[in-house]
Amino acid sequence: MSELPIIDFSGMYSADIESRRAVARHVRAACLENGFFYLSHTGVTADQTERVLAAARQFFDLPEAVKLTIDKSQSNCGRGYERMGGQRLEAGAQADRKEAFMMGTELPADDPQLAGLSHYGPNLWPEGMDAWRAEIEGYRAAMIALAHRIMACLALSLDVAEDYFDPCFVDSISSLRLLHYPPQPANAGADARGAGAHTDWGAITILLQDDVGGLQVKDGDDGWIDAPPIPGAFIINLGDLVPRWTNGLYRSTTHRVINRSGRERYSIPFFFDGRGDYVSETIPTCLAPGELPKFTPLSVSEHLAHMLSSTRAM
Ligand SMILES: O=C(O)CCC(=O)C(=O)O
Ligand SMILES: [Fe+2]
């Protein structure tokens with residue numbers, strides 16, 4: 001496999017179940033391959049993706065001192081600004097050469113069911129940037145709607161009802177990350193990474209990238225496939241919850257970013273992670289007669305908290 005497939009998603013908006021199943025068949029083939037694919041015709045407009053990428057540039061162009069007024073050290077749920085080198089996604093490599101802004105699901109601290117679970121709480125917003133905030137929140141809303149539809153498609157691809165995953169996504173943890181990768185200097189060293197090799201931790205990721213490139217997806221033992229930007233298409237990849245649901249049939253594939261372009265790179269992943277207290281179980285259609293589940297039960301919040309603490313670089 002040398003390149004990732006491009007799947008036209010428009011059939012998922014059809015009232016005709018056969019059109020939706022046709023999309024699901026393509027998604028299944030891509031998920032059986034390596035769990036990474038491009039999705040086009042999603043209904044999200046080019047105007048909106050251009051605006052949110054411009055918003056990312058605008059934020060990272062702010063003086064460092066302004067960005068640090070919302071440093072994520074002030075958040076108990078990983079929101080706000082993460083400075084350059086704040087994360088090391090690949091053990092043994094250099095800290096990631098990227099800076100980030102994170103925002104996500106906002107629920108009151110005293111929510112009767114979800115209080116105390118990681119990843120719920122207030123966002124941190126830069127002062128005096130209300131239009132900017134509205135742009136980010138609007139894009140996040142578009143991503144949530146698209147993510148629900150992708151989960152319906154995944155359900156169809158696994159021969160279960162389209163609403164099979166709905167209980168996992170009531171008050172789901174979902175986070176939007178704005179990312180800025182400066183160009184990597186020529187003498188940066190062989191273990192320099194924009195984002196070190198990792199898998200994503202939730203259910204699915206919807207990635208918007210600018211026109212620079214640098215994302216690579218693991219293929220086999222040693223190979224990497226480039227996942228260059230394709231105008232009008234998002235990259236979708238499966239996170240660690242999906243092998244748990246499918247008993248390893250669909251994988252959560254390792255990927256990384258190395259920005260050798262000489263240009264500034266901006267990308268915006270949206271992570272749809274599931275409800276914090278949701279414990280995934282193997283989907284019955286993914287177990288052959290007599291086959292046993294390979295994964296022990298683990299809640300979404302426990303998994304995310306563990307992964308977050310193991311990748312903190314400072
Ligand atoms: O910036 C990218 O292209 C990918 C980022 C990524 O993999 C992540 O944030 O999990
Ligand atoms: Fe990732």
Side-chain angles (χ1 to χ4, degrees), residues 3-4 34-39 49 52-53 55-57 59-60 72 78-91 93 95-104 119 136 139-140 143 147 150 173-184 192-219 224-231 233-243 251-261 263-274 303-304 306-308 310-313:
E3 1 183 271
L4 303 176
N34 59 18
F36 258 84
F37 52 93
Y38 291 90
L39 208 59
T49 56
V52 73
L53 281 167
R57 277 181 216 110
F59 175 77
F60 292 115
K72 73 164 197 198
R79 308 292 169 75
Y81 174 61
E82 182 176 83
R83 63 183 95 185
M84 195 70 69
Q87 193 176 42
R88 183 193 318 272
L89 281 166
E90 181 176 338
D96 295 353
R97 288 165 186 266
K98 65 172 173 10
E99 56 179 338
F101 169 81
M102 285 96 61
M103 58 82 63
H119 289 75
I136 302 298
Y139 183 72
R140 175 169 179 271
M143 289 296 102
I150 296 171
I173 296 170
S174 56
S175 41
L176 194 68
R177 274 173 91 97
L178 311 182
L179 295 172
H180 168 219
Y181 301 85
Q184 186 166 295
R193 303 279 184 267
H198 67 283
T199 57
D200 290 350
W201 309 333
I204 52 169
T205 304
I206 306 176
L207 175 75
L208 171 66
Q209 49 176 334
D210 67 7
D211 62 352
V212 170
L215 174 64
Q216 297 184 311
V217 178
K218 189 108 189 194
D219 187 40
W224 294 91
I225 303 174
D226 287 326
I230 295 183
F234 292 96
I235 289 179
I236 312 299
N237 66 287
L238 308 179
D240 297 343
L241 258 182
V242 180
R251 281 173 304 131
S252 166
T253 295
T254 301
H255 51 286
R256 67 181 185 187
V257 176
I258 304 180
N259 180 10
R260 295 199 180 97
S261 65
R263 295 164 56 199
E264 310 293 324
R265 175 179 192 263
Y266 299 88
S267 72
I268 307 183
F270 170 79
F271 302 98
F272 205 41
D273 292 339
H303 179 61
L304 294 179
H306 169 72
M307 297 307 285
L308 202 61
S310 64
T311 57
R312 195 164 291 136

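Atoms within a ligand are numbered from 1 in the order they appear, just like the ligands themselves.
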TODO: Could you list which atoms of ligand 1 come closer than 4.0 Å to a heavy atom of Val257?
DONE: 1 (O), 2 (C), 3 (O), 4 (C)
Task: Sphere of radius 2.8 Å around the Fe ion (ligand 2) - protein N, O or S atoms inside - done: His198 NE2, Asp200 OD1, His255 NE2
Open item on the list: For Phe37, give me all partners under ring-ring contact (aromatic ring centres under 6.0 Å, His included), at least two apart in sequence or on another chain.
Closed with: none
TODO: Can you pull out the closest protein heavy atom to atom 5 (C) of ligand 1? Residue, atom name and distance to 0.1 Å, please.
DONE: Tyr181 OH, 3.4 Å
Open item on the list: Assess the residue pair Arg57 and Asp210 against the criterion (side-chain contact (heavy atoms from CB on, under 4.5 Å)); give the C-alpha distance rounded to whole Å, side-chain angles, the decisive distance to 0.1 Å, and a yes or no.
Closed with: CA-CA 11 Å; Arg57 277 181 216 110; Asp210 67 7; 4.2 Å; yes
- [ ] State whether the number of non-hydrogen atoms from other residues, nucleotides or ligands found under 6.0 Å of Arg260 atom CZ is greater than 12.
- [x] no
TODO: Decide whether the shortest distance between a heavy atom of Pro269 and an atom of ligand 1 is less than 4.0 Å.
DONE: yes
Task: Interatomic spacing from CG in Leu238 to CZ in Phe36 - rounded to 0.5 Å - done: 8.5 Å
Open item on the list: Can you give me the closest heavy-atom contact between Ala195 and Lys98, atom names plus distance?
Closed with: CB-CE, 4.3 Å
- [ ] State which residues pass salt bridge (Lys or Arg N to Asp or Glu O under 4.0 Å) with Arg265; sequence neighbours excluded, sorted by chain then number.
- [x] none
- [ ] Please name the pair of heavy atoms, one in Asp96 and one in Gly196, separated by the smallest distance, quoted to 0.1 Å.
- [x] OD1-N, 3.1 Å
Open item on the list: Please give me the minimum heavy-atom distance between Glu264 and Asn259, naming the atom from each residue.
Closed with: C-ND2, 4.3 Å
Open item on the list: Within ligand 1, which atoms have a heavy atom of Leu179 less than 4.0 Å away?
Closed with: 1 (O), 5 (C), 9 (O)
Open item on the list: Under 4.0 Å, heavy-atom basis, I'd like to know which part of Thr205 is in contact with ligand 1: side chain, backbone, both or neither.
Closed with: neither
Task: Member of Asn237, Thr205, Asp240 meeting the side chain to side chain donor-acceptor pair (under 3.5 Å) criterion with Thr199 - done: Asp240
Task: Arg177, any N or O under 3.5 Å of ligand 1 N or O - done: no
Task: Ser267, portion touching ligand 1 at heavy-atom distance under 4.0 Å - done: side chain
- [ ] Could you pull out the closest heavy-atom pair between Pro228 and Tyr38, with the gap in Å?
- [x] O-OH, 2.5 Å
- [ ] Going by heavy-atom distance to atom 3 (O) of ligand 1, choose the closest among His255, Arg265, His198.
- [x] Arg265
- [ ] Please state which part of Leu89 comes within less than 4.0 Å of ligand 1, counting heavy atoms only: side chain, backbone, both or neither.
- [x] neither
Open item on the list: So which atom in Met103 and which in Ile136 form the shortest heavy-atom distance, rounded to 0.1 Å?
Closed with: CG-CG2, 3.8 Å
Task: Min N/O separation Gln209 to ligand 1 under 3.5 Å - done: no
- [ ] Give the atoms of ligand 1, by number and element, whose distance to some non-hydrogen atom of Phe271 is under 4.0 Å.
- [x] 8 (C), 9 (O), 10 (O)
- [ ] Applying side-chain hydrogen bond (donor to acceptor under 3.5 Å, both in side chains), name anything that partners Tyr81, two or more places apart in sequence or on another chain.
- [x] Glu64, Glu99
- [ ] Under 4.0 Å, heavy atoms only, figure out whether ligand 1 is touched by the backbone of Ile235, its side chain, both or neither.
- [x] neither
